[in-house]
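Contents: one structure, followed by commentary.
Bear in mind the structure is a predicted one, so any value in this text is a computation, not a measurement. Below, read A as the first sequence line, B as the second, and so on, with proteins coming before strands; counting in each chain starts at 1.
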Amino acid sequence: VLLAVVDPGVGGPRAAVVLEAGGRWYVGPDNGLFELVARRAGQARCWEIVERPPGMSASFHGRDLFAPAAGRLARGEMPGGFTRPCSLGRRPDWPDDLAQIVYIDHYGNAMTGLRASVLPIGARLSAADRVVSRARTFSDVPEGDAFWYENSNGLAEIAVNFGRADHALGIGLGTEVTILA
Amino acid sequence: VLLAVVDPGVGGPRAAVVLEAGGRWYVGPDNGLFELVARRAGQARCWEIVERPPGMSASFHGRDLFAPAAGRLARGEMPGGFTRPCSLGRRPDWPDDLAQIVYIDHYGNAMTGLRASVLPIGARLSAADRVVSRARTFSDVPEGDAFWYENSNGLAEIAVNFGRADHALGIGLGTEVTILA
Amino acid sequence: VLLAVVDPGVGGPRAAVVLEAGGRWYVGPDNGLFELVARRAGQARCWEIVERPPGMSASFHGRDLFAPAAGRLARGEMPGGFTRPCSLGRRPDWPDDLAQIVYIDHYGNAMTGLRASVLPIGARLSAADRVVSRARTFSDVPEGDAFWYENSNGLAEIAVNFGRADHALGIGLGTEVTILA
């Protein structure tokens with residue numbers, strides 16, 4: 001059971017949903033957050049959470065609405081008891097991968113939204129006019145060298161061995177990334 | 001059982017206490033930290049922790065003194081075995097609410113020390129020469145607009161939909177807030 | 001069972017080890033991380049983790065390699081089943097204590113790599129041309145005064161009562177510390 005909340009429209013009209021996809025339960029807002037879950041699972045079932053707990057806040061549905069639903073699923077209840085079937089709002093125009101820097105971690109490593117598995121063998125990545133080649137892991141390149149590698153999430157990540165990729169390459173959140181085959 | 005530590009006087013003369021208030025146990029320093037707990041509970045009983053564990057550090061009573069006491073309470077021991085009755089140091093001059101920004105969260109939302117429940121219906125808040133009206137939640141105002149709302153703790157919080165209230169309004173920790181009825 | 005990972009050489013030739021020292025199990029990379037554990041325990045036994053889980057990533061051995069081994073130890077398995085005896089790589093030239101600022105905490109307290117127990121009674125510490133004397137705890141000095149004390153880890157730490165030692169003294173990570181007896 002996964003409870004997921006990225007929900008700037010909390011308290012607004014977006015539905016609160018339970019999704020069953022790939023053998024897992026997902027609970028959260030129907031605002032696109034589960035688009036790629038549903039897309040990659042191929043088959044997904046969706047229910048709308050219709051019960052409203054007494055005293056529910058307008059701004060904190062993770063605690064007040066989603067967590068109780070996730071708790072009921074976690075202890076084995078089926079969603080039928082507190083939901084009604086619905087259709088998940090789909091976003092067919094959203095890309096499968098995002099050729100941008102989507103996250104800079106504490107060490108300055110720059111995660112892209114590109115799955116390493118979809119990149120050509122030998123692909124290089126270009127960002128902010130710098131080009132980096134693929135390495136298996138940090139210690140495969142000299143100290144101070146930049147490279148990209150498949151990170152622990154399966155995404156292409158730009159890094160510098162014993163350094164910060166963000167500072168060294170001048171890249172940040174939202175920097176566009178180009179794939180050079 | 002709640003163990004609470006904000007304790008700049010650790011190792012000094014302030015007592016270490018157990019409080020029973022509102023059906024809960026509180027363990028921590030007798031430095032005012034539990035003033036509002038005792039005040040709002042109406043009735044509270046207090047004990048001083050008198051035993052000192054061997055090897056107790058001078059600067060880390062959360063680990064060395066309070067946690068063992070909280071552990072004994074959590075497993076059902078009554079405080080009589082390791083404490084003596086005392087009177088909690090009270091702060092009758094402290095206000096019930098604090099008309100200031102008391103916390104800026106990761107997203108730039110500015111929490112005040114004012115309970116939303118004590119504010120007049122339709123109250124506006126003024127901070128740094130800006131005035132904001134109440135909204136139920138973020139998505140009730142246009143993107144970029146500032147407002148205040150009752151947050152998940154029941155406090156009035158100043159926010160900007162899809163923005164940072166701290167930057168947009170020029171407010172920070174300690175900024176005074178005025179209630180405009 | 002302690003799983004410890006500071007591992008810039010992940011995916012490189014350093015071994016993955018299980019250490020038994022001082023009645024505890026340690027799991028992590030053989031890159032010096034356990035040098036002081038082994039040195040202070042006096043006696044330590046070491047095994048190399050030789051099994052490789054299917055699908056192990058090149059860059060995240062904490063999750064893929066060390067955690068499963070720690071889990072097996074935690075449930076009572078002996079390392080013999082999934083390791084082979086080895087010799088921990090030792091670093092006899094590494095010092096027992098480090099006369100530097102090794103960590104600045106959230107409040108600006110500056111931790112040294114010096115154990116308080118090895119410092120002479122009455123020792124003063126000098127850093128960035130400032131000299132501080134020992135105090136038992138924060139509240140033993142006037143507000144705004146700098147001092148050093150034995151912190152909760154047993155290390156000498158430079159602090160300012162109700163202030164930030166890093167800003168007040170102009171010290172930071174790596175600042176050299178001199179012991180004045």
Side-chain angles (χ1 to χ4, degrees), chain A residues 3-17 27-35 48-71 86 88-89 91 94 98 100-111 166 172-174, chain B residues 2 22-24 40 101-125 132-169 171 177:
Chain A
L3 191 166
V5 184
V6 179
D7 195 15
V10 62
R14 97 281 175 269
V17 295
V27 181
D30 182 15
N31 63 3
L33 186 57
F34 298 132
E35 167 60 21
E48 183 178 354
I49 303 170
V50 287
E51 290 186 10
R52 291 294 175 266
M56 183 179 86
S57 69
S59 65
F60 203 20
H61 288 186
R63 176 191 68 188
D64 297 342
L65 185 59
F66 302 138
C86 71
L88 186 72
R91 316 287 171 123
W94 285 10
L98 203 56
Q100 291 182 4
I101 302 303
V102 297
Y103 185 71
I104 304 283
D105 76 12
H106 182 68
Y107 304 100
N109 303 311
M111 191 186 301
D166 56 349
L173 271 182
Chain B
L2 294 129
R24 293 198 174 88
R40 292 190 181 149
I101 302 302
V102 298
Y103 185 70
I104 305 283
D105 75 12
H106 182 69
Y107 304 101
N109 303 310
M111 192 185 299
T112 75
L114 297 164
R115 288 168 293 168
S117 60
V118 305
L119 296 178
I121 297 288
R124 290 169 301 146
L125 298 181
V132 295
S133 297
R134 183 174 192 158
R136 199 179 51 90
T137 189
F138 287 70
S139 57
D140 284 357
V141 305
E143 286 192 21
D145 272 20
F147 62 100
W148 76 265
Y149 74 113
E150 177 174 355
N151 75 7
S152 58
N153 297 319
L155 295 171
E157 183 168 306
I158 299 173
V160 167
N161 189 23
F162 280 91
R164 295 188 64 97
D166 56 350
H167 296 171
L169 305 181
I171 55 183
V177 174

- Residue part contacting chain A, namely of B:Glu157, when any heavy atom lies under 4.5 Å: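 For B:Glu157, no heavy atom lies under 4.5 Å from chain A.
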- Task: Check whether B:Tyr107 gets within reach of chain A through its side chain, its backbone, both or neither, counting any heavy atom under 4.5 Å.
- Result: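 The answer is neither part of B:Tyr107.
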Do the side chain of [X] and the main chain of [Y] share a donor and acceptor less than 3.5 angstrom apart?
X: B:Trp148; Y: B:Ala123; answer: yes
X: A:Ser57; Y: B:Ser152; answer: no
X: B:Asn151; Y: A:Phe60; answer: no

- Item | Atom pair CZ (B:Arg124) and CG (B:Leu119), whose distance is rounded to the nearest 0.5 Å |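 Answer for the CZ-CG pair, B:Arg124 versus B:Leu119, is 13.0 Å.
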- Message: Does any backbone or side-chain atom of A:Arg63 lie under 4.5 Å from a heavy atom of chain B? Answer side chain, backbone, both or neither.
- Response: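 Contact with chain B is through the side chain of A:Arg63 alone.
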